[in-house]
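Numbering starts at 1 and runs along the sequence shown.
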Amino acid sequence: MARQERAIRTKLAILNAAAAVFDERGYEAATIGEVLTRAGVTKGALYFHFPSKQALAEGVLRQQFATVAVTPSACKLQELVDTGLVVAYRMRRDPMVSAVARLSLEQDMRALFGTTALTEWIGATEYVLTQAKEQGELLPHVVPADSAWLFSGAWTGVQIYSQMLSGRDDLEARVVSLFEHLLPSIAVPAVLNSLVITVERAAELGAESDRLAAERDADQPEQLGA
């Protein structure tokens, strides 16, 4: 059991180090040597878990949902908002989240990784919006699949502009503004008026996300495997 625990901790250290390097350097410029240095592991240990740099990047991409999970809400539009706010919060503070964004959006990476990271986010957004539609939270004309595509694209554009113009310093505020502009076009008034969409909520949810992430790492999450 101790050996399995060490293996999982080693894998987590490698993934965290790889995410930091990919986030700072991009995929092409990142090197296995720098990942080894940051992770503090041997080359044999790294290649045991990840046989190539591509496998490392794929491992980082697979963590995109594990690091930004939010507590399900009875109001599905609030759950959608909360997810967007948590992603914004963690993207500024967690290299894993930031690296996923960089890897999934780099144009040259599509040949290696395809568009799975993007389509999974669109699919997850559509799922929540479909639940919202079934609960009567959306206006009659709203098509969840269309709104999911638009929301995901708009969110991506906001984070890219924020990164380019302010180093993401204003990302939470920009995401709040995004929701304030888009949600009136899909939400029924009663639900819209009940939503909490603030920078303060982003900070509150982000702190809770940090706590859960620390617990997840301490408990050695199953999704990392042995």
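- When all heavy atoms are compared, the tightest approach of A45 to T10 is CB-CG2, 4.2 Å.
- Considering all non-hydrogen atoms of both residues, S147 and L129 come closest at CB-CD1, 3.8 Å.
- For the side-chain hydrogen bond (donor to acceptor under 3.5 Å, both in side chains) test, residues two or more places apart in sequence or in another chain that qualify with W121 are Q64.
- At least one side-chain heavy atom of F50 sits less than 4.5 Å from a side-chain heavy atom of K11.
- Among residues at least two apart or in separate chains, there is no ring pair (Phe, Tyr, Trp, His ring centres under 6.0 Å) pair with a member in residues 66-98.
- Taken from OG1 in T125 to CG in L150, the straight-line distance is 11.0 Å, to the nearest 0.5 Å.
- G59 approaches L15 most closely through the heavy-atom pair C-CD2, 3.5 Å.
- With values rounded to the nearest 0.5 angstrom, R92 atom CZ is found 12.5 Å from Q163 atom CD.
- Once rounded to the nearest 0.5 Å, the distance linking CG of N16 with CE of M96 reads 4.5 Å.
- Atom CD1 of I186 sits about 10.0 Å away from atom NZ of K133, to the nearest 0.5 Å.
- Every residue was checked against the side chain to side chain contact (heavy atoms under 4.5 Å, CB included) condition with A207, not counting sequence neighbours, and none meets it.
- Listed by chain and number, the residues in a side chain to side chain contact (heavy atoms under 4.5 Å, CB included) with L105 are L118, T156, Q159, I160 (sequence neighbours excluded).
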Please report, to 0.1 Å, the donor-acceptor pairs under 3.5 Å made by any side chain of residues 76-85, with sequence neighbours excluded.
residue, atom, partner, partner atom, Å
K76, NZ, S73, O, 3.2
K76, NZ, E79, OE1, 2.8
Q78, OE1, V196, N, 2.8
Q78, NE2, D82, OD1, 2.9
Q78, NE2, V196, O, 3.1
E79, OE1, S73, N, 3.0
D82, OD1, R201, NE, 2.7
D82, OD1, R201, NH2, 3.4
D82, OD2, R201, NH2, 2.9
T83, OG1, E79, O, 2.9

What side-chain donor-acceptor pairs closer than 3.5 Å can you find for residues 20-27, not counting sequence neighbours?
residue, atom, partner, partner atom, Å
D23, OD1, S98, OG, 2.6
D23, OD2, S98, OG, 3.3
E24, OE1, R38, NH1, 3.4
E24, OE1, R38, NH2, 2.6
E24, OE2, R38, NH1, 3.0
R25, NE, E34, OE1, 3.2
R25, NH2, E34, OE2, 3.1
Y27, OH, Q54, N, 3.2

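- Taking every heavy atom of both residues into account, A88 and V175 meet most closely at CB-CG2, 3.9 Å.
- I122 shares a hydrophobic cluster with W149; the chain of contacts runs through ILVMFWY side chains whose heavy atoms sit under 4.5 Å apart.
- The pair E204-R211 fails the salt-bridge criterion, with no side-chain N (NZ, NE, NH1 or NH2) lying under 4.0 Å from an Asp/Glu carboxylate O.
- Within the 4.5 Å cutoff, the side chain of S209 has no heavy atoms near those of the V70 side chain.
- Here the shortest heavy-atom pairing between V199 and A173 reads CG2-CA, 3.8 Å.
- Residues L138 and V191 form no side-chain contact, since every pair of their non-hydrogen atoms from C-beta on lies 4.5 Å or further apart.
- Listed by chain and residue number, nothing satisfies the salt bridge (Lys or Arg N to Asp or Glu O under 4.0 Å) test with E137 (two or more places apart in sequence, or in another chain).
- We find the CD-CD distance between E126 and Q131 to be 11.5 Å, quoted to the nearest 0.5 Å.
- Residue L182 comes nearest to A154 through the heavy atom pair CD1-CB, 4.0 Å, listed as atom of the first residue, atom of the second, then distance.
- Qualifying salt bridge (Lys or Arg N to Asp or Glu O under 4.0 Å) partners for R174, counting only residues two or more places apart in sequence or in other chains: D170.
- Summarising the geometry, atom CD belonging to E58 is positioned 10.5 Å from atom CG belonging to L103; distances are rounded to the nearest 0.5 Å.
- For residues 164-197, there are no ring pair (Phe, Tyr, Trp, His ring centres under 6.0 Å) pairs, not counting sequence neighbours.
- Every residue meeting the side chain to side chain contact (heavy atoms under 4.5 Å, CB included) condition with D146, not counting sequence neighbours, appears here in chain and number order: V143.
- Under the side chain to side chain contact (heavy atoms under 4.5 Å, CB included) criterion, I32 pairs with L36, L46, Y47, K53, L56, not counting sequence neighbours.
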